[in-house]
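Here is the structure we will look at.
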Amino acid sequence: MITKELDCFNIAQICDSGQCFRMRQKHDNTYSVIAGNEYLEVTQNGNQCTFHCDERKYETFWREYFDLNTDYKKYIESIDEQDQYLKKASEFGFGIRILNQDLWEMIVSFLISQQNNIVRIRRCIDNICECYGEKRFDGSGKLYYTFPQAEALAELHEDALKDSNLGYRSKYVVRTAKSLTEGEVSLEAIKQMPYKEAKTELMKLYGIGEKVADCICLFALHHFEAFPVDTHIRQALEGHYPDGFPAERYNGCEGVMQQYIFYYELMGKKMNK
DNA sequence: ATACAGGTCTTAA
DNA sequence: TTAAGACCTGTA
């Protein structure tokens, strides 16, 4: 177990920010997450964060995963004093971080996310992990499933994932898996590309449009200049930025601001009611 | 009941 | 180039 005192880190906010669909609340202050081949539980009390793993795993995997080398306070402090809306949003979601998640997993996750709600997205991803992923046990015997490889999904019939509750998105995932295993598009190449090139390349995949491509760029490739615009963000922009979001001012960290806004729109409203 | 979820693709003007 | 329609399914 590793305990750290962390600023701008709140596991509950990260869990609810809708970028990782394999993170859950376990108990009051404890959350679980599955990433790559690993399972982790995190307990947080105030600034004290306990990672239930050994130091080596923390240093070689989870530190990078949670983006703990990045100073988010710097981004929050860079917010325009005049912009009360963004200031409130960042105060509300001060502990959000942009995770470093697996590229293939984010492609599938955000293909599924379109025109969908977060509860069902989670269920869909659980389903395909249990159906096509591999069984694993963590140190204390806890069973979990890894995210399936592209090869496992590429061989399916285009409608096969309807059984996993994907609906019409089934063929998007299967065809995309095929494109990747056949080498039509290379994930390793995409990882080396700058933002705009990577986005263009991702949009060659069936079912990936501008919004989903931006989510993938932000959550897997760590391109902070990506600013995904979905229905919630569009509403917020119409209400608070009639002349457009001041992207120039937040050049290079638009995606971080997007997350504060998204979380504030999603969770802030829920708490008002 | 009807609209809407972290949209994209297809088809027609 | 733009705009309407279709698309799975669950929830409020």
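Order of the sequence lines fixes the chain letters, A, B, ..., with proteins taken first and strands second; residue numbering starts at 1 for each chain. Both backbone and side-chain heavy atoms feed into the values below; hydrogens, waters and symmetry mates do not. Source: prediction; values computed, not measured.
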Expressed in angstrom and rounded to an integer, what is the separation of [X] atom [atom1] from [N] atom [atom2]?
X: A/R169; N: B/dC9; atom1: CZ; atom2: P; result: 13 Å
X: A/I233; N: B/dA5; atom1: CD1; atom2: C1'; result: 15 Å
X: A/R175; N: B/dT10; atom1: CZ; atom2: C1'; result: 12 Å
X: A/L205; N: B/dC9; atom1: CG; atom2: C1'; result: 14 Å
X: A/M203; N: B/dG7; atom1: CE; atom2: C1'; result: 11 Å

Considering heavy-atom distances to DNA chain B, does A/I208 or A/C215 have its closest nucleotide positioned more toward the 5' end?
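Nearer the 5' end of the strand: A/C215.
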Under a 4.0 Å threshold between the charged nitrogen and the carboxylate oxygen, would [Y] count as salt-bridged to [X]?
X: A/D126; Y: A/R24; result: yes
X: A/K204; Y: A/E201; result: yes
X: A/E210; Y: A/K199; result: yes
X: A/K162; Y: A/D159; result: yes
X: A/E188; Y: A/K191; result: yes
X: A/R136; Y: A/E134; result: yes

For DNA chain C, write out the stems as range with range, using runs of 3 or more consecutive Watson-Crick or G-U pairs with both distances under 3.5 Å.
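Stems for DNA chain C, defined as runs of 3 or more consecutive pairs: B:2-5 with C:9-12, B:7-13 with C:1-7.
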A/I14: hydrophobic cluster co-members (side-chain, 4.5 Å)
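Reading the cluster by chain and number, A/I14 sits alongside A/I2, A/L6, A/F9, A/I11, A/M23, A/Y31, A/V33, A/L40, A/V42, A/F51, A/Y58, A/F61, A/W62, A/Y65, A/F66, A/L68, A/L99.
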Contacts of A/Y145 that satisfy side-chain hydrogen bond (donor to acceptor under 3.5 Å, both in side chains) - sequence neighbours left out
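If we apply the side-chain hydrogen bond (donor to acceptor under 3.5 Å, both in side chains) test to A/Y145, skipping adjacent residues, there are no hits.
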Those residues of residues 193-200 of chain A lying under 4.0 Å from DNA chain B by at least one heavy atom:
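Of all residues in residues 193-200 of chain A, none places a heavy atom under 4.0 Å from DNA chain B.
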Any donor-acceptor N/O pair under 3.5 Å between B/dG6 base and A/Y263 side chain
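No, the side chain and the base share no sub-3.5 Å donor-acceptor pair.
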Residues within residues 108-126 of chain A bordering DNA chain C, heavy-atom distance below 4.0 Å
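The answer is A/Q115, A/R120, A/R123.
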Bounds of contact between DNA chain C and chain A, in 5' to 3' order, using a heavy-atom cut-off under 4.0 Å:
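Footprint of chain A along DNA chain C, 5' to 3': C/dC7 to C/dG10.
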C1'-based separation of B/dG6 from C/dA4 [nearest Å]:
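The answer is 23 Å between these two C1' atoms.
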Under 6.0 Å between ring centres, would you say that holds for A/F110 and A/F21?
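Yes, ring centres under 6.0 Å apart.
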